[in-house]
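In this text the structure is predicted, and so the values were computed from the model without any measurement. Count residues from 1 along the sequence.
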Amino acid sequence: KKKARGKQDPALPEPQGSCAPEDVVVRPEVAGAVAGRAVTVTLVLRTRLAEACTWEMSRSSFTWKVTSGSDEIWTSRECPRAVPSRELVVRRETRSETTVTWGGRRSDAECSRLTAWALPGYYHVTVAALAGEPRSTQIELQAPAPATITASPEAGPGSTKDKGAKKRQRDREEKKRR
């Protein structure tokens, strides 16, 4: 890849084996979260020490949760399928990204889909790689935008419905004249 000034980007370092669990730093980012819908959480990954390594993201190496104050709204402990299994290359100097999805509802012991939706307001998304420091970000679940109702073009002048109404009115007037 060439840059505008004709200089080439330096090659990214190749991974040297598996990442040490405590070396992986994961930070959550969330944009545009709306109550009543699934929320995509972008995970930004870097290493502390290794120049580049491979990290096996899985239920046993990564955990995350959504809280509101002391209220635990949702957790991957109760919904382990919300943690995808992926092999990721993580580097010290270049951010790596992957995403996870919170369904927007509270979790329960069965991770059922019958729980209440999280209401509009402020929440914290906290993520952690095994043996790593938990990192958190505050998100605001916006209220969904009200549905926009547009007038149907069928009811306008000259529409079929309009012509039918005019015909019925003429028929009534004609009956009165007889």
Handout entry: Spacing of Tyr123 atom OH and Ile139 atom CD1 [to the nearest 0.5 Å]
Key = 8.5 Å
Exercise for the section: Answer yes if Leu130 and Leu45 sit in the same cluster of Ile, Leu, Val, Met, Phe, Trp and Tyr residues linked by side chain heavy atoms under 4.5 Å apart, and no otherwise. Expected result: no
Exercise for the section: Would you confirm whether Arg91, through its side chain, and Glu51, through its main-chain N or O, come within 3.5 Å as a donor-acceptor pair? Expected result: no
Problem - Derivation and outcome, side chain to side chain contact (heavy atoms under 4.5 Å, CB included), residues Leu43 and Phe62 - result: CA-CA 11 Å; Leu43 304 176; Phe62 176 77; 3.6 Å; yes
Practice task
Start with the C-alpha gap between Glu140 and Gln142, add the side-chain angles, then the distance that decides, and say whether side-chain hydrogen bond (donor to acceptor under 3.5 Å, both in side chains) holds.
Solution key: CA-CA 6 Å; Glu140 182 181 6; Gln142 300 282 331; 3.2 Å; yes
Exercise for the section: Measure the acute angle between the ring planes of Trp74 and Trp64, then classify it against the limits of 30° and 60° as parallel, tilted or perpendicular. Expected result: tilted
Practice task
Measure the spacing between CG of Asp71 and NE2 of His124 and express it to the nearest 0.5 Å.
Solution key: 13.5 Å
Exercise for the section: Please tell me if the side chains of Val100 and Val83 come closer than 4.5 Å, counting only heavy atoms from C-beta onward. Expected result: no
Problem - N-O pairing of Glu133 and Arg48 below 4.0 Å - result: no
Practice task
I would like to know whether Glu72 and Lys65 meet side chain to side chain contact (heavy atoms under 4.5 Å, CB included); could you show each step before the answer?
Solution key: CA-CA 8 Å; Glu72 195 169 77; Lys65 65 183 178 178; 3.8 Å; yes
Handout entry: 4.5 Å side-chain heavy-atom contact, Ile73 and Trp102
Key = yes
Fill in the blank from the handout: For Glu97, the side-chain hydrogen bond (donor to acceptor under 3.5 Å, both in side chains) test, sequence neighbours excluded, returns Arg95
Problem - In one Ile/Leu/Val/Met/Phe/Trp/Tyr side-chain cluster, 4.5 Å: Leu12, Val44 - result: no
Handout entry: Any donor-acceptor pair under 3.5 Å from Arg105 side chain to Thr115 backbone
Key = yes
Handout entry: Pairs touching residues 45-80 that satisfy disulfide (SG to SG under 2.5 Å), sequence neighbours left out
Key = Cys19-Cys53, Cys79-Cys111
Problem - Non-hydrogen atoms of Val125 and Pro28 that approach each other most closely - result: O-CG, 3.6 Å
Practice task
Calculate, to the nearest 0.5 Å, the distance between atoms CD and OG1 belonging to Glu14 and Thr54 respectively.
Solution key: 9.0 Å
Handout entry: Shared hydrophobic cluster for Trp117 and Leu119 (ILVMFWY, side-chain gaps under 4.5 Å)
Key = no
Problem - Side chain to side chain, Met57 and Pro84, heavy atoms closer than 4.5 Å - result: yes
Exercise for the section: Kindly determine whether Thr75 and Ser107 satisfy side-chain hydrogen bond (donor to acceptor under 3.5 Å, both in side chains), including the steps that lead there. Expected result: CA-CA 7 Å; Thr75 173; Ser107 62; 5.9 Å; no
Problem - Partners meeting side-chain hydrogen bond (donor to acceptor under 3.5 Å, both in side chains) with Ser96 (sequence neighbours left out) - result: none
Practice task
Quick one: pull up OG1 in Thr47 and CD in Glu93 and give me the separation to the nearest 0.5 Å.
Solution key: 8.0 Å
